[in-house]
Amino acid sequence: MLGYVLRRVTIMIPTLLIISIISFVIIQLPPGDYLTSYAAQLRTMGDIVQQEEIDALRQRYGLGQPVYVQYFKWISGIILRGDWGQSMEWQKPVRDLIWERLALTMVLSGVSILVSWFIAIPIGVYSATHQYSIPDYILSIISFVGVGTPGFMLALVIMYVAMTAFGLNVGGLFSQEYLAAPWSWAKVVDMLKHLWIPVLIIALGSTAGSIRTTRANLLDELNKPYVETARAKGLPEGRLVWKYPVRVALNPFFSTVGWSLANLISGETLVSVVLSLQTIGPMMLRALTSQDMYLAGSFLLLLSTMTVLGTLISDILLAWVDPRIRMEA
Amino acid sequence: MATSSEADNLLPQNDLEVAEELKGEEEKIYVAPPWRLMWWRFRRHRMAVVSAVVLAVFYFVAIFCEFVAPYNPEQFFIKYKMAPPTRIHLRDAEGKWHLPFVYRIERSRDEQTMRSLFVEDTSTRYPLRFFVRGDEYKLLGLFKTNIHLFGLTVSRDEQGIFLLGADRMGRDLFSRLCYGARLSLSIGLVGVFLSLILGVILGGLSGYYGGTLDVIIQRVIELIRTIPSIPLWMALSAALPPDWPVVRVYFGITVILSLIGWTWMARVVRGRFLALREEDFVLAARLVGSSEMRIILRHMVPSFLSYIIASLTIAIPNMILGETGLSFIGLGLRPPAISWGVLLQEAQNVRSLALCPWVLTPALAVIIAVLAFNFVGDGLRDAADPYAR
């Protein structure tokens, strides 16, 4: 087991390396160098630009030096000192801006993935065990529509309905009074009150997909001889289904948790923009449109690292549950 | 299990002899060429057939949007800012039946909220006609004509027809939707075509040669899939220079979308190559001395072509959704380009949404298109291997 974990971690390192290179390339994409525009922006805001400060920053990021030197300075700053660079727009170090947003994104994605499983697995199992029944058809149609409806459109519709029918504004994660308040128990409670709408919207897309997968996998399993054997031995139907075929059917499902996490974050980004949640999505969009590249690049790096870590954890869990995986990898 | 062994017994020992014995339906199945078997299978999937028709209609609208749309999409109707969908009547106020017509729309202003109110004036009727003359355009960019699918016979200053209402600037939403179909639906096809090229080459190399090359390509695919696609798309399309012309932005976006899309294609192609590599007919071709190229193109490609077409169909909706999402948040296509995502920008503000909910209709178009592609893809996937089971 330890060997397996070590192997997975070593595979992860080149992945993270390449992801960091991609993020760095994206930071470098806009024309012109970052400091020139930074200084220009400071001037337009009426600040006096200290030449020493600019020079210090130039030294710090290795601007004007070869690209690989710049990359090395950037990544070593992140790893060794936790220095993510400077956000042009916010006039603050990036590290002061990202962590709260990242935490909220993780909470939202994590809760959404759990909710989607919680809904999808029982429905998928029901659909498969009652194949071609009327509820199966209805559920299939609903899940097809769910697959086809992108989350951000659903968010628009829900906002519209809440606005016209109930006069509610469902945007945001906090009430007005907690928006700028420091974290407290009351703020957490307030967040939980707002959380369920975005969670349902984000979960819906992947729920629909998961229902289809669960149903298809379980249908394959239900025809196998071992199910017949168990039935012949007189095992009650409910226990029989949940104990053996469901467990096998869900296996491929958990092994792709990394990808579903990536998909979920993707969908979450747009939903958050529509609902103006205090997560990474809207801030990244703003950073991109104002070419605040250190901030945008950091977000891309963080989100990708998060999915890589998610995949690693799911791989380890899977290997822990299923000894066959440990052996072959 | 029982059914398959019966099927084995039925397999012809001597084709001619058995074909004579089999009558009607069964005989047809044995002698049918593969494409006909596929068609029969596809037809059994009713939703797929319906969806194929829906898609045909959508693409017809996209190709002939100048003809289908009653107005130029940039035409302003100052009188009809945020006008609701024009109602088409068959019965007039006195209960008499007519051919389809619309009433004259009178605009007034609510004294308190200063909002425009649109009221039907039931004393004046305008008949709705097909193939009416309107703005001049070039059909398919070739023939000059001014015939439109439908419209009113009166000049547009007198009365306009807005099937889906008008937007904030008083532009006909239905016309804009038709023109938007052109970009939104074609971006899926072009993007899938690009990812097909990448996917077939890389997936083919990976599956045919195996070994280290396979490992490397598979790692790259896993890596790309680890990065959340929308943030990556956002970052890449934000880097497209803002002064690019529409056409170049369009191709930029398709390239960006296919940078991730090819991974799915490569997986499918690789899987088929791995399966087919071991087949007897490939071995036979190799033994008679066919070249690698000939084995791939002449023997392997035809037998997995149907799979590729099926997975292409399933990949298109992702492209459409990607474009819509990017344009919606302002990082994809930008006005004056018209796509469904660009149209949805109007719906971004919840207040304007509450005033004119019809600006959401492009979302409906997207959902229908995506669903239709999914169903057709489903049907094609079932039909892809007509000899299975």
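Numbered from 1 within each chain, the chains take letters A, B, ... in sequence-line order. Any value given below was found using the heavy atoms of this structure, including those in side chains, with hydrogens, waters and symmetry copies removed.
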S.K.: Tell me, out of A:Leu156, A:Ile26, A:Ile280, who's got the most heavy-atom pairs with chain B below 4.5 Å.
M.R.: A:Leu156
S.K.: Measure distances from A:Val308 to the heavy atoms of chain B and classify the residue's part below 4.5 Å as side chain, backbone, both or neither.
M.R.: both
S.K.: So, do A:Val274 and B:Phe328 sit near enough that their side-chain heavy atoms are less than 4.5 Å apart?
M.R.: yes
S.K.: Between B:Pro231 and A:Phe299, is any pair of side-chain heavy atoms under 4.5 Å apart?
M.R.: no
S.K.: Atom CD of B:Glu222 and atom OG1 of A:Thr15: how far apart are they, to the nearest 0.5 Å?
M.R.: 8.0 Å
S.K.: Measure B:Val366 against the heavy atoms of chain A and call it side chain, backbone, both or neither at under 4.5 Å.
M.R.: side chain
S.K.: Flag the pair A:Thr149 / B:Leu371 as yes when at least one side-chain heavy-atom distance between them is below 4.5 Å, and no otherwise.
M.R.: no
S.K.: Looking at side-chain heavy atoms only, is the closest gap between A:Thr307 and B:Ile227 below 4.5 Å?
M.R.: no
S.K.: Check the pair B:Ile230, A:Ile265 against side chain to side chain contact (heavy atoms under 4.5 Å, CB included), reporting the backbone distance first and the verdict last.
M.R.: CA-CA 8 Å; B:Ile230 289 192; A:Ile265 290 177; over 6 Å; no
S.K.: Is the shortest side-chain heavy-atom distance between A:Pro150 and B:Thr324 below 4.5 Å?
M.R.: no
S.K.: Could you walk me through whether B:Leu344 and A:Met153 pass the side chain to side chain contact (heavy atoms under 4.5 Å, CB included) test, one step at a time?
M.R.: CA-CA 9 Å; B:Leu344 274 176; A:Met153 289 188 193; 3.6 Å; yes
S.K.: Measure the spacing between OG1 of A:Thr269 and CD1 of B:Ile329 and express it to the nearest 0.5 Å.
M.R.: 8.5 Å
S.K.: Chain B heavy atoms under 4.5 Å from A:Thr305: which part of the residue, side chain, backbone, both or neither?
M.R.: neither
S.K.: Does any heavy atom of chain B fall under 4.5 Å from the side chain of A:Leu300, the backbone, both, or neither of them?
M.R.: side chain
S.K.: Keeping A:Ser266 on the side-chain end and B:Ser229 on the backbone end, is there a donor-acceptor pair under 3.5 Å?
M.R.: yes
S.K.: Side chain, backbone, both or neither: which part of B:Ile368 has a heavy atom under 4.5 Å from chain A?
M.R.: neither
S.K.: Got more than 12 heavy atoms from elsewhere within 6.0 Å of CE, A:Met106?
M.R.: no
S.K.: Against chain A, label B:Phe373 side chain, backbone, both or neither, depending on which of its atoms sit under 4.5 Å from a heavy atom there.
M.R.: neither
S.K.: Side chain, backbone, both or neither: which part of A:Val25 has a non-hydrogen atom closer than 4.5 Å to chain B?
M.R.: neither
S.K.: Using a 4.5 Å cut-off on heavy atoms from C-beta on, say whether the side chain of B:Arg219 contacts that of A:Ile11.
M.R.: yes
S.K.: Which atoms of A:Leu288 are under 4.5 Å from chain B, going by heavy atoms: the side chain, the backbone, both sets, or neither?
M.R.: both
